[in-house]
Amino acid sequence: MAVNTEAYQSIKKELDAKQVTLVAVSKTKPVEDILALYDLGQRDFGENYVQELVDKQAQLPKDIRWHFIGHLQRNKVKYIVPFVHMIHGVDSFKLFDEINSQASKINREVKCLFQVHISDEETKFGFSGDELHLTLNTIKKYNQMDKYKNVEINGLMGMASFSDDMEKVRGEFRNLKILFDQCTEKFTTLSMGMSGDYKIAVEEGSTMVRVGSLLFGARNYAK
Ligand SMILES: *Cc1c(COP(=O)(O)O)cnc(C)c1O
């Protein structure tokens, strides 16, 4: 087992002092590893594959707050809506609409973050700043008709470029924070920062970081 409990304790302490929420990203890791951090008090865990999340959720304590941080396909929303705490990667209006409709069927309210494309990489999902404003305005209009009652938009999520150029990464986080501050909704959550860049993200105003490999060790996708 490669869980680094010392790293966990020190990162947790550092983030608690700044009131930043730590989401421990456990994708590809076994339930024993998750329990090792659970036993130390960790409750927020992040996964990005639907089937893996569903399997783990069934085996683990029910007071875990599960964060879905991957790209979510609309036809899979129904599998996680019954228990998921927060969906970070909402990157289209249609996905948002589907989350609401599945959640309304079971009378749940699901927390969502809108994903914004902040890197210069083409493979990363998310809204542009303009698309985000348009979408939020559309939702505001529908909300006056009481339409989206089963989703709570808590804020924004973004991923910086995979780059050694930390000033570039910092600039991308800074842009996301500017966008976050421009939104007139009562947003509370700005999810940005991973193992390699969470310190910079926190300096730039992150309220929630998603850290995997620093806590659980490197991931092995070959297995
Ligand atoms: C895997 C993943 C993380 C964690 O990455 P690490 O570099 O291992 O900390 C964070 N966010 C998302 C969206 C991920 O897919």
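Atoms within a ligand are numbered from 1 in the order they appear, just like the ligands themselves. Values reported hereafter were calculated over all heavy atoms of this structure, with side chains retained and with hydrogens, waters and symmetry mates removed.
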With clusters defined by side-chain heavy atoms of hydrophobic residues (ILVMFWY) lying less than 4.5 Å apart, directly or transitively, does V90 cluster with F83?
yes
Any Lys/Arg nitrogen of E14 or K199 sitting under 4.0 Å from an Asp/Glu carboxylate oxygen of the other?
yes
Please identify each residue that fulfils salt bridge (Lys or Arg N to Asp or Glu O under 4.0 Å) with K56, with sequence neighbours left out.
E47, E52
Please check if atom CG in D130 has more than 12 non-hydrogen atoms from other residues, nucleotides or ligands closer than 6.0 Å.
no
Does the side chain of L156 reach to within under 4.5 Å of the side chain of Q115, using non-hydrogen atoms?
no
Can you work out which protein residues put a heavy atom within less than 4.0 Å of ligand 1?
V25, K27, N48, I69, M157, M159, M194, S195, R210, V211, G212, S213, R219
Cation-pi check, R43 onto Y38 ring (under 6.0 Å, within 45° of axis)
yes
